[in-house]
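This report refers to the structure that appears directly beneath it.
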Amino acid sequence: MHARADAADTVPESSTLWPDDIFATLQRFDVRQVPYVPDAGHSKLIQRVLGSSTMRGIPLTTEEEGVALLAGAWTGGQRGVLLMQSSGVGNCINMLSLIPILRFPFLTLVTMRGEWGEFNPWQVPMGSTTQGVFELSGVKVLRASNAAEVPAVLEAAAAQAYNALTPTAVLLSQRLIGAKVFTK
């Protein structure tokens, strides 16, 4: 038998504001295109993007499409950010090779699964290797483990990606996103 702790029971109220912090930072960096695979962890941020008059949310069928879309956005003079869950990172491995060849800014925000009290065994393998996959692919990894870290981490990541053309991934911890925790 599993006892479920609702996200509201495990995540402080202040941590629910991090999507607003991310949205504000993306606006400051003039991000225009936001490809995403639907994800509960990014749902509030996705809603903000879809309601924006300056950003375009673009639903994807698979995460690697987002890497190519960001290359095209840059070629067309726009900045973008890819939103995905850690389970989708493995889908991007071949496409990540475009980044050093084409030298375009790459920023991705990844909601982590397979960590803190994960209940779904399918999420654990990719969740435990996400950072290594990015690093082996030449992508710098920064991590936000709590809501207070989000503004500074995203500011640093966006500056690296857009100003220094350093491919950067921000991993948003499972505790931060408020994933349900199941125990025996």
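Separating the OG1 atom in Thr25 from the CD atom in Gln27 is a distance of 9.5 Å, to the nearest 0.5 Å. The CG atom of Leu171 lies 10.0 Å from the OG1 atom of Thr111; values are rounded to the nearest 0.5 Å. Separating the NZ atom in Lys140 from the CG atom in Leu142 is a distance of 6.0 Å, to the nearest 0.5 Å. For the atom pair Leu96 CG and Leu98 CG, the distance stands at 8.5 Å (nearest 0.5 Å). The CZ atom of Phe23 sits 14.5 Å away from the CG atom of Leu17 when rounded to the nearest 0.5 Å.
By the side chain to side chain donor-acceptor pair (under 3.5 Å) test, Thr62 pairs with Glu64, sequence neighbours left out. For Arg32, the salt bridge (Lys or Arg N to Asp or Glu O under 4.0 Å) partners are Asp30, not counting sequence neighbours.
Between the Ser86 side chain and the Met112 main chain, no donor and acceptor come within less than 3.5 Å of each other. Of the possible polar contacts, none joining the Thr168 side chain to the Gln160 backbone as a donor-acceptor pair under 3.5 Å is found. With hydrogens and angles ignored, the 3.5 Å screen pairs a side-chain donor or acceptor of Tyr162 with a backbone N or O of Gly80. Judged by distance alone, the side chain of Arg113 and the main-chain N or O of Gln85 form no donor-acceptor pair under 3.5 Å. A donor-acceptor contact shorter than 3.5 Å is absent between the side chain of Ser43 and the backbone of Asp39.
Placement of Met95 and Ile93 within a single hydrophobic cluster is found when ILVMFWY residues are connected by side-chain heavy-atom separations under 4.5 Å, directly or transitively. In this structure, Leu136 is not a member of the same hydrophobic cluster as Val133, with clusters built from ILVMFWY side-chain heavy atoms closer than 4.5 Å.
For the pair Leu50 and Tyr36, the minimum side-chain heavy-atom distance is below 4.5 Å.
Using cut-offs of 30° and 60° on the angle between ring planes, the pair Trp18 and His42 is perpendicular.
Taking each heavy atom of Val67 and Phe104 in turn, the nearest pair found is O-CZ, 3.8 Å. Leu172 and Ile22 get closest at one heavy-atom pair: CD1-CD1, 4.2 Å. Pairing each heavy atom of Ser173 with each of Arg143, the nearest pair is CB-NH1, 4.1 Å. Minimum interatomic distance between Pro167 and Ile99 (heavy atoms only, all atoms of both residues): CG-CG2, 3.3 Å. Nearest heavy atom pair, residue Phe29 against residue Arg79, reads O-NH1, 2.9 Å. The minimum heavy-atom distance linking Pro151 with Ala148 is given by the pair CD-O, 3.6 Å.
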Inset, instruction - Evaluate the side-chain hydrogen bond (donor to acceptor under 3.5 Å, both in side chains) criterion for residues Ser52 and Thr54: first the C-alpha distance (whole Å), next the side-chain angles of each, then the deciding distance (0.1 Å), finally the verdict. - result: CA-CA 5 Å; Ser52 171; Thr54 61; 3.1 Å; yes
Inset, instruction - Apply the test side chain to side chain contact (heavy atoms under 4.5 Å, CB included) to residues Thr108 and Leu83: give CA-CA distance (whole Å), side-chain angles for both, the deciding distance (0.1 Å), then the verdict. - result: CA-CA 6 Å; Thr108 184; Leu83 306 181; over 6 Å; no
Inset, instruction - Walk me through it: do Cys92 and Met84 pass the test side chain to side chain contact (heavy atoms under 4.5 Å, CB included)? - result: CA-CA 10 Å; Cys92 296; Met84 67 175 142; 4.0 Å; yes
Legend entry - Pair Gln123-Ser87, side chain to side chain contact (heavy atoms under 4.5 Å, CB included): steps then yes or no: CA-CA 6 Å; Gln123 294 288 348; Ser87 57; 3.4 Å; yes
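Within 6.0 Å of atom CZ in Arg56, 12 or fewer heavy atoms from other residues, nucleotides or ligands are found, so the atom counts as exposed in its surroundings. Residue Asn94 qualifies as open at atom CG: its count of foreign heavy atoms under 6.0 Å is 12 or below.
Screening Leu70, Leu107, Val110, Leu109 for a side chain to side chain contact (heavy atoms under 4.5 Å, CB included) with Leu82, the sole residue that qualifies is Leu70.
Side chain to side chain, Glu65 and Thr61 meet the donor-acceptor criterion of an N or O pair below 3.5 Å.
Between Glu155 and Arg28 a salt bridge is recorded (basic side-chain N to carboxylate O distance below 4.0 Å).
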